Number of protein chains: 4
Amino acid sequence: MLFDGVFAIAMTLLVLELKVPEIEDRHSSRALLLALRQQGGTFFSYLLSFAILGVFWWRHNHTYHHFRTITARMLALHFVQLAAAAFFPFTAALYGHYPANTAGILFYLGTVAAYLWASFGNLVVAKQDGALTDELTPDAYAKMRRRTLRGASVMSAWFVLYSVLALAR
Amino acid sequence: MLFDGVFAIAMTLLVLELKVPEIEDRHSSRALLLALRQQGGTFFSYLLSFAILGVFWWRHNHTYHHFRTITARMLALHFVQLAAAAFFPFTAALYGHYPANTAGILFYLGTVAAYLWASFGNLVVAKQDGALTDELTPDAYAKMRRRTLRGASVMSAWFVLYSVLALAR
Amino acid sequence: MLFDGVFAIAMTLLVLELKVPEIEDRHSSRALLLALRQQGGTFFSYLLSFAILGVFWWRHNHTYHHFRTITARMLALHFVQLAAAAFFPFTAALYGHYPANTAGILFYLGTVAAYLWASFGNLVVAKQDGALTDELTPDAYAKMRRRTLRGASVMSAWFVLYSVLALAR
Amino acid sequence: MLFDGVFAIAMTLLVLELKVPEIEDRHSSRALLLALRQQGGTFFSYLLSFAILGVFWWRHNHTYHHFRTITARMLALHFVQLAAAAFFPFTAALYGHYPANTAGILFYLGTVAAYLWASFGNLVVAKQDGALTDELTPDAYAKMRRRTLRGASVMSAWFVLYSVLALAR
């Protein structure tokens, strides 16, 4: 599966943003720890992004079971999801390097929001195209739809808020 | 599957060409956005290349269903396709970094053309070697063959055009 | 499978920490070998980490056969295992670059210990959640549990020992 | 499958050694082509290594069909094969960067030889451990064994030859 592959790679590439620091006294553990502490934002970003991609992957796996088929429109939306997931190593590195910079946060929120909207679009289009399995009850579908819409909306609201902040500064 | 793996990795490695810029005022969102804007070509190249590889993967998936077996000649052509797909992260980075340089565009077109010709060769060889399933009607085969030939030809025409431009400058 | 993917990628990314050295006399094999010898620690770290990840992957494969299902708690622990495995390329590079630095060893031991504790937790939680297959005899389960606990404990003991050393210096 | 994953990644990581060159006149296609020509060795190394890994993967696939099971000794040898395959991106970069340096060629030949000997060992051990399927006739087995041994021997002979050359210089 291309989907699993892209997620596995994106999750593993996150680590490439952590750099081995150069220190003068090569034997000093104190110097190495201090140098690594400067990458604290990147460590946090690594764990956060790994967790987010993990949850996205898990939820997609869950949703995927309820698709009988993948129509052309759904395929296009899947590629938007994949492009957003594959974008994480960059966006996570940016946020990790500039944790207090509004523009970095903006990119991060934008990537998450893009993924969630494509995810939401997939659910809507899957219903329109009759691609859902019969086992998915209308109630369960409504719940999935509501949850994805809520996530996408919250992220977009934060995105707008930070956009205003970025312009204000 | 090796094919899916190479595509998933090539698509995800594209992001590595986007670099976290170094800015002086670490808190200035304006400075970060300006620095990122300089990588605009790479962002565009990322999206374009992701889409192209996505379409290639999807079409191959579709074609693959109609292969009963993979002969030695088909295997060799598959490796040409894979080598071209795996080459994308470099060629996309080159084009993203020098969007207005004819030589960069030349590399990009050449990689796409190489993939498409190998793809076309696979169809021709598969028929010669009797590797196609019976479900593939002659009409459907002719259509697939025509479409792939057209794509390869158009890309090659652009390639020749840009070669002339590159020599002229 | 996401698990196989992350392991395959983490194992292959280890190599990225080996750098092609720049030497002045490009034709001197002696100069190149001398330059490469300076990366001896990284070569050792590559082989060690490859072997550790290989063993982890193999053991997980073995354990996985005995899980009937993956509960939410087990999933969370799986992601801790994956995050630790995906962290190896960094931790291996750090140790390879500073083989005699206590802090680097600390990171390495910490990553291994984190993986093993999550692995142990998975066994415990799988039993609590009734996720084990009937084919797994109580004796075989006890043996697996004991072995994982021993590994995690030994690594944690080393971790504490090196923490004391790091603070002492 | 871990094996397919490691090969797919190693083959795709090869491209990372090709670097986008920095040129002064960003619009000059001549300058870009000249700068890229300096990486000619790396381009050649990319294609060569991609082909070698492709052939290795194909042959392994072929051999793998004849293994009924994987014993502990075979697993260890598989990991040697994987470690050698995953080592290619470094060894190919070294050779590409220093095509005329005996030490670089030595590393390349050594990696190929290590892979082939582990591959040969797998065949021998598989027979000893009774892990071969009945469909594999003694003749076919002898042929596979002979071919792998020949490859490993030829590579080792070249390795020794270049070792002598490296010492002589």
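For clarity, every value in this text was computed on a predicted model and none was experimentally measured.
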Winner by heavy-atom pair count (cut-off under 4.5 Å) against chain D, out of C/Asn61, C/Leu33, C/Thr12:
C/Thr12
Side chain, backbone, both or neither of D/Ile105 within contact of chain C (heavy atoms, under 4.5 Å)
neither
Considering only heavy atoms and a distance below 4.5 Å, find which of C/Met11, C/Arg26, C/Glu22, C/Lys19 pairs most often with chain D.
C/Arg26
Leading residue by heavy atom contact count with chain D [cutoff under 4.5 Å; candidates C/Leu47, C/Asp25, C/Leu14, C/Leu36]:
C/Leu36
Go through it in stages, so that I can follow the logic: the residues are D/His78 and D/His60, the test is side chain to side chain donor-acceptor pair (under 3.5 Å), and I'd like the CA-CA distance, side-chain angles, deciding distance and then a yes or no.
CA-CA 10 Å; D/His78 264 94; D/His60 176 266; 3.0 Å; yes
Side chain, backbone, both or neither: which part of D/Leu75 has a non-hydrogen atom closer than 4.5 Å to chain C?
side chain
Under 3.5 Å, is there a donor-acceptor pair between the side chain of C/Asp129 and the main chain of C/Ala131?
no
Hey, would you say the D/Tyr46 and D/Phe43 ring centroids sit under 6.0 Å apart?
no
Given that the side chain runs from C-beta out, which part of D/Phe7 has a heavy atom under 4.5 Å from chain C: side chain, backbone, both or neither?
neither
Below 4.5 Å from any heavy atom of chain D, which atoms of C/Ile23 appear? Answer side chain, backbone, both or neither.
both
For D/Leu13, which atoms come within 4.5 Å of any heavy atom of chain C: side chain, backbone, both, or neither?
side chain
Tell me if a side-chain donor or acceptor on D/Asn101 pairs with a main-chain N or O of C/Ser28 at a distance below 3.5 Å.
yes
Which label fits D/Phe107 and D/Phe90: parallel for a plane angle under 30°, tilted from 30 to 60°, or perpendicular past 60°?
perpendicular
Between C/Phe56 and C/Phe88, how do the two ring planes meet: parallel, tilted or perpendicular, split at 30° and 60°?
perpendicular
Under a 4.5 Å heavy-atom cutoff, which of D/Ala76, D/Ala86, D/Ala10, D/Gly104 has the most pairs with chain C?
D/Ala86
Between D/Tyr108 and D/Ser49, is there a side-chain donor-acceptor contact under 3.5 Å, judged purely by atom types and distance?
yes
